[in-house]
Number of protein chains: 2
Amino acid sequence: MSLPHAILTALLEKPSSGLELTRRFDRSIGYFWSATHQQIYRELGKLEAEGFIRTLAAEQPTRGQKKSYEVLPAGRAELARWSAASQDPKPLRDVMLLRLRAAAVVGTDGIEADLRRHLDLHRQQLAEYEEIEKRDFPPGKDSPEDRLRHLVLQAGIDLETFWTQWLTRALEEFADLPTDPRR
Amino acid sequence: MSLPHAILTALLEKPSSGLELTRRFDRSIGYFWSATHQQIYRELGKLEAEGFIRTLAAEQPTRGQKKSYEVLPAGRAELARWSAASQDPKPLRDVMLLRLRAAAVVGTDGIEADLRRHLDLHRQQLAEYEEIEKRDFPPGKDSPEDRLRHLVLQAGIDLETFWTQWLTRALEEFADLPTDPRR
DNA sequence: CGAAACATGTAACTTGTTACATGATTAT
DNA sequence: ATAATCATGTAACAAGTTACATGTTTCG
């Protein structure tokens with residue numbers, strides 16, 4: 001139940017239409033909670049029905065016309081409640097780790113190229129985060145809100161750093177492997 | 001589409017019944033791909049229908065009786081195919097990061113306690129992984145298969161290390177915050 | 001026998017994904 | 001006018017979650 005709260009956060013930061021939200025999910029918010037436009041429209045409908053948000057424009061626009069939303073007091077209260085409520089961390093779920101474990105059984109043919117590709121992608125993502133950090137969080141004078149947002153970005157940077165290091169190490173192991181185990 | 005392949009990997013490592021698989025998913029395999037018994041039974045049925053696995057026992061057991069499965073050649077081939085096939089990494093999706101971002105907007109009341117709790121949980125998980133490493137991967141003499149499995153475990157250790165460090169840093173930031181932003 | 005533990009399974013629901021449909025606005 | 005883009009939406013499906021149902025074996 002996190003998507004509605006991601007949307008509430010985004011709308012509090014700035015009232016938006018569905019498509020604008022979709023674009024923001026492709027950028028900042030989507031860096032730790034991704035969503036497609038179909039999910040967003042579905043959820044906007046629910047949030048409006050629950051009285052957490054409302055449309056901005058006085059006239060009800062028809063299909064195809066832009067429709068912007070803002071958060072109502074009940075929505076802000078729900079977000080505060082959710083943010084403070086205790087939630088268990090989700091166990092790790094990673095396809096590449098699973099694939100390596102499978103490769104230990106059925107052989108490593110073909111997987112090395114994808115490890116390289118992932119290394120590239122994670123390096124790109126890391127560079128993107130570092131760019132954002134340079135632009136949005138220059139040294140000195142951070143407001144408390146900025147320090148929290150910086151902390152979140154830092155997690156992204158650290159995680160991408162981890163992946164680049166781990167993938168590099170994995171590829172070194174592959175270089176060392178005498179031959180494929182059982183192929 | 002990873003759960004069937006997680007099950008194939010587990011069954012290749014050792015033929016098992018549904019409940020045995022469930023227990024193994026609570027331990028080693030679940031450390032990077034979790035699943036409940038309902039998911040597992042559903043998926044075992046599909047895998048059998050597709051001809052990737054078959055029951056071991058000659059007699060068809062009835063409901064309530066143990067039913068063990070083994071992987072057929074087609075299943076092994078499918079696992080090899082999947083493991084080698086290129087797949088994009090999934091974007092990061094983390095509730096705690098989203099909660100912090102929300103807290104930057106609606107206030108940080110209440111979230112600090114859960115950060116502490118998460119720090120504890122991640123420390124426990126890290127200790128568990130390190131225990132497994134000591135037990136299963138003593139220094140020296142690793143077979144190629146073991147090196148791959150060790151690499152996977154290492155990712156778990158590194159990720160838990162990251163979270164403990166990041167949460168420690170987050171809590172330091174909270175100690176520094178003058179007062180809650182906007183509450 | 002009765003209770004506990006073992007073992008498999010169903011059903012209903014929520015969330016996420018993929019493909020497609022439709023109307024409105026803008027630029028050539 | 002028509003093509004491209006903007007914008008909202010539907011439908012069907014896949015995957016994951018939660019609650020419950022049912023039969024079997026073991027042990028006191």
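Lettering of chains follows the sequences in order, A, B, ..., and the numbering in each one begins at 1. Predicted, not measured: the structure shown is a model, and the values here were computed from it.
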Could you tell me if His5(A) and Glu78(A) have a donor-acceptor pair between their side chains, going purely by distance under 3.5 Å? yes

In residues 12-21 of chain A, which residues come under 4.0 Å of DNA chain D by heavy atom? Ser17(A), Gly18(A), Leu19(A)

Round to the nearest Å and state the distance from Ile7(B) atom CD1 to dA15(D) atom P. 12 Å

Donor-acceptor pairs under 3.5 Å, side chain of residues 125-137 of chain A to any protein atom, not counting sequence neighbours: which ones?
{"residue": "Glu128(A)", "atom": "OE2", "partner": "Tyr31(A)", "partner atom": "OH", "Å": "2.6"}
{"residue": "Glu133(A)", "atom": "OE2", "partner": "His150(A)", "partner atom": "NE2", "Å": "2.8"}

Using a distance-only criterion (donor-acceptor N/O pair, under 3.5 Å, no hydrogens), is the base of dT17(D) paired with the side chain of Arg42(B)? yes

Nearest whole angstrom, please: distance from the C1' of dT14(C) to the NE2 of His5(A). 14 Å

Mind jotting down which residue pairs meet the ring pair (Phe, Tyr, Trp, His ring centres under 6.0 Å) criterion with at least one end in residues 83-112 of chain A? Sequence neighbours excluded, please. none

Heavy-atom nearest nucleotide on DNA chain C taken for Gln38(B) and for Arg93(B); more 5' hit belongs to Gln38(B)

Tell me the interatomic distance from Glu48(A), atom CD, to dG9(D), atom C1', rounded to whole angstroms. 14 Å

Can you check whether Lys46(A) has a side-chain N or O nearer than 4.0 Å to OP1 or OP2 of dT14(C)? no

Sequence neighbours excluded, every pair satisfying side chain to side chain donor-acceptor pair (under 3.5 Å) that has a member inside residues 155-167 of chain A: His122(A)-Glu160(A), Gln154(A)-Asp158(A)

May I have all residue pairs that pass salt bridge (charged side-chain N to carboxylate O under 4.0 Å, His left out) and include part of residues 19-40 of chain A, sequence neighbours excluded? Glu13(A)-Arg24(A), Glu20(A)-Lys66(A)

From CD of Glu43(B) across to P of dA14(D) the rounded distance in Å is 12 Å

Residue Gln65(B), side-chain atoms from C-beta onward, closest of dT24(D), dA15(D), dA7(D): dT24(D)

Taking the side chain of Arg23(A) as its heavy atoms from C-beta onward, which of dG16(D), dA7(D), dA7(C) lies nearest to it? dA7(D)

Leu44(B) CG - dA7(C) P separation (whole Å): 14 Å

Is any side-chain nitrogen or oxygen of Tyr41(B) closer than 4.0 Å to OP1 or OP2 of dG9(C)? no

Please report, rounded to the nearest Å, how far the P atom of dT15(C) is from the CH2 atom of Trp33(A). 10 Å

Under the salt bridge (charged side-chain N to carboxylate O under 4.0 Å, His left out) definition, can you give me all pairs with a residue in residues 1-12 of chain B, not counting sequence neighbours? none

Thr168(A) vs Leu119(A) side-chain heavy atoms within contact, under 4.5 Å: yes

Given dT17(C), dG16(D), dT18(C), which nucleotide is nearest the side-chain atoms of Lys90(B)? dT17(C)

Find which nucleotide of DNA chain C each of His37(A) and Ser34(A) is nearest to by heavy atoms, and output the residue with the more 5' nucleotide. Ser34(A)

From C-beta outward on Leu3(B), which listed nucleotide comes closest to its side chain: dT17(C), dA7(C), dG16(D)? dG16(D)

Rounding to a whole Å, what distance do you find between Ile40(B):CD1 and dG16(D):P? 11 Å

Gap between atoms CG and P, on Leu47(B) and dG9(C) respectively (whole Å): 13 Å

